[in-house]
Every structure is written in C-alpha cells, then in structure tokens.
There are 2 protein chains.
Amino acid sequence: MNASSAAALYVLLVDDDHDVLAANARFLRVSGLDVVVADCATVAVERLKEGPVDAIVTDLVMPGQNGIEFARRARELQPFVPVLFFSGYASVPDVVSAMRLGAVDFLEKPVEPEHLLTRLLALADGPVGAAHTRGAFDLSEAMPFRARVLAYERHLIETSLAQHQGRIADVLKALKINRRTLNEKMARLGIRRDHAID
Amino acid sequence: MNASSAAALYVLLVDDDHDVLAANARFLRVSGLDVVVADCATVAVERLKEGPVDAIVTDLVMPGQNGIEFARRARELQPFVPVLFFSGYASVPDVVSAMRLGAVDFLEKPVEPEHLLTRLLALADGPVGAAHTRGAFDLSEAMPFRARVLAYERHLIETSLAQHQGRIADVLKALKINRRTLNEKMARLGIRRDHAID
DNA sequence: GTCTGGTCGGCAAAATCTTGCCGATTAAGC
DNA sequence: GCTTAATCGGCAAGATTTTGCCGACCAGAC
C-alpha cells in the first residue's frame, strides 16, 4: 500500500539497454521501491531462483531469450508474480501472448519512469492479477450475487450442452443432475438447445 | 436457432462496415457456422438480450459505443461468452484493456476470414484462453453441477469478503444479498471471515 | 402401422432456501 | 457502567426449487 514504510515493493527490472535500465532503476529507487536489475533473461532467472520478488518488469524484445519466453520461465519459478511488459515494437499478437501469459500490464517504450511507477504502485493496492487470476467472473461489484450465480449456472449448462452436442441425456450424466431439474433450469434461464445434431 | 444441420457455433459478428460485415458473415456461414450480425453495439446488445451466443466477434472501433464498452456490456448479459476483438488501429493500451476484459483473442484488420474461422473453431474444442478467461471454475467435468455452483458461491463470497477486509456490512451491499442469507450461506459453506487487520 | 429411445411439461408432495423479527454478544466509546 | 455499531443465530412463515410419476410428442427402426 504505502511505498514509504518497510513494506516497499521489491521489483525485478529486466532490460538489455543498460542506460535505460540504470535510469529506471534509479528513479524507482528514489521513489522508495527496492529494485534489483538484470540485463538479460538468464541473469533475471538466476535472480528469481534466489527468492521471491513482488513484481517483474521486463522488456519484451531482448537478445537471447525474449520477454515472453522469460515470463513463461518466471511463472514456473514464481507462479503468481505480476509481470509487466514494455516494448517499443510490440505487435498486437505479442501483446495478446503476453496478456494470455498473465501479464498484468503492457507499457510502450519509451517508458516514462513516472508512468511505470504509477503502474507498479497500482499493483500494490488493487487486487493484483485479479483480472486473469480470477477470470472474467467477478467483474467488479456490478452484478448482485443472485444474478452472478444464475449466470454461472447458465454457463455450466450451456457449456455442457455444447460439449455433448445438445444431448440432454449426456448432460444429465455429466452434471449429475436430475432431468426434471435441468429442464426447469433451462426454462427459467431461457436456455434453448440450439446445438443440434452433428 | 438453425437447429437443422450441425452443432454449429453460433457467432455474433459486430462491425460497422457493412461490406466487411457481409463478406465475413458469408464466409463464416458457408464454413458452417451460424452467424448473426449487428452493425453497431446497440443492435448487438439487443441481440444478446434475446439469447446466448457461442462467441462474439467485434470491431474495436465503431461509431457510438466502442468495442471495449460493448464487451463490458456484453459480459453483463452473458458473463462467459468468449469475445474476440479485431481492429486496424489497435494501440497497445487497447489490446491490454481488451484482454483484461477477458478477450480471448485479438485480430488485426484486415481480418482474413480463414484466420477468423480458425480462431473461432479453436474456441470450439479446446477452450483456448480458458485458463484465465474463465477461471478455475469450469475445469473438468468431474464435479457435479450442484457442487460447482456451490464452489462458485463460495468463491464469490470469499472474494467479496477479502475485497472488503471482512466487513460483512460492505459485502452485503456489494453483493446485494440479505444479511440472513449471507450468514446462512457462510455457515453452510463453512466460510469463516479470517481476514483480519492489514 | 407399431415400437423404442430421447425429450418435454403438468402436477403436487417434499425438500430447501430466504428473510423478517427478536434477543444475545462483543468491541469500542463516552 | 451505559450506549452504539456490527454481527450472530434461533425460529417460523413464505417463497422457491427439486423430483417422482405420468402421459404426450417426434423421429427413426422394424
């Protein structure tokens, strides 16, 4: 929460450009964060093996192992660490890959230190990787409990229905649910079994 | 709807460019999918209100409501539907927003119909981005319906509890649920509100 | 035509869940 | 000690949901 006290964020900063790396590291440090740097994926991985960090900030494009590869490796070592990418040449597919891999953010180069700091601090309060760690389900406070549960029921049924090409009998077995109950729910939730034959 | 032929994917295609819309729709149809189109977010939302679709493919940039806004709205109506964006002017932040919102994919314009089809079919078998888009909920078929719904309820409650530092009163408001009911559920599900001080 | 497998929906009893009312408990303040 | 705010849980009337039983449909097989 507060970057002032002893609970400073411990950040691993990875960038192959030494000047940028140093500059950013310095800025973050004077801003109260604990920063450890690495100029390539290999070094960064070594660093991760030593112990947990609160966040990883890495360039996407680096000689040797690229950011995505590195992030994948990092996830193996520390499954829940938030990874924040930045890149000057990010293509849409790159960003998609990164986000799928669980990136919590993606900044564009040149990275403004203040901006980076803001994002990092944001990680601190807001339930971090919430977005992907938890799924698109607990979208904010928007929907009331009841509605969400119903939505989930609908999802389960529709999914199972699709998975079994709409054969009720199979869905029944898969979901271990009473036929009458399933029928009732489908009626209530307005689920039609379009998924016809195949 | 079209229940005659196959267990076709039922796709909602949204694009303000009528020509592109028509062309893509045609291609997908001859490829065996069921397609319903909309030339703006408003129409698309109306369509969603009518019933579930298997996937939504939408342009990111549209007059009126943009794709992100639309996706958010769509999620309220159908929380689990996979949303696939495409855009020709996607900026990195756009892609980040989209992915955070649970997009399963992001294509660049011009969209090659074959490519789009491939991505859509990919959704069909292996719930692709499932891991994070959907959360740990519709994992295996293992658990029976009842159990899964309960697990989801538990998740919702625990999440909200954590989000409000264990203050029941706040959870009540957030989830719009009766206090007595929440208490009952917590007792039934064996949820304790440990979440002490921070 | 007749039979069979897969589905539906009406009905009603049984099982559950929801919720208002009320008193109890605990921690913090006055 | 007394008061207030935040929670809990017992109880019971109501509201909903779940299910078994039964008859009906429809499509394909015989």
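In what follows, every chain begins at residue 1, and chains take the letters A, B, ... in the order their sequences are listed.
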Specify the separation, in whole Å, of atom NZ of B/Lys173 and atom C1' of D/dA6. 12 Å
Report the distance from atom CG of A/Asn183 to atom C1' of D/dT17, rounded to the nearest whole Å. 14 Å
Counting distance alone, no hydrogens or angles: does the base of D/dG10 have a donor or acceptor under 3.5 Å from a partner atom on the side chain of B/Arg180? yes
Candidates D/dT19, D/dG9, C/dT18 - which lies nearest the side chain of A/Thr181: D/dT19
Check whether A/Arg29 reaches the backbone of A/Val35 with its side chain - one donor and one acceptor, N or O, closer than 3.5 Å. yes
Can you measure A/Ile168 atom CD1 to C/dC8 atom C1' for me and round it to whole angstrom units? 10 Å
Do A/Ser160 and A/Val171 have side chains that get closer than 4.5 Å, going by heavy atoms? yes
Please give, in whole Å, the distance from D/dT17 C1' to A/Glu153 CD? 10 Å
Does a side-chain heavy-atom distance below 4.5 Å link A/Phe145 with B/Glu153? yes
Here the distance between atom C1' of C/dC17 and atom CD1 of B/Ile157, to the nearest Å, is 13 Å
Given atom CZ of B/Arg188 and atom P of D/dG9, what is their separation to the nearest angstrom? 13 Å
Does A/Arg146 or A/Glu184 map to a spot on DNA chain C nearer the 5' end, using the closest nucleotide for each? A/Glu184
Taking atom types as they are modelled, would you say the side chain of A/Arg179 forms a donor-acceptor pair with the base of C/dG9 within the 3.5 Å cutoff? yes
Tightest non-hydrogen contact, residues A/Leu12 and A/Val37, listed as CD1-C, 4.4 Å
Atom-pair distance (CZ on A/Phe145; P on C/dT19), nearest Å: 11 Å
Given D/dG9, C/dT7, D/dT17, identify the nucleotide with an atom nearest to the side chain of A/Ala169. C/dT7
Just how far, in rounded Å, is P of C/dG20 from CG of B/Asn178? 5 Å
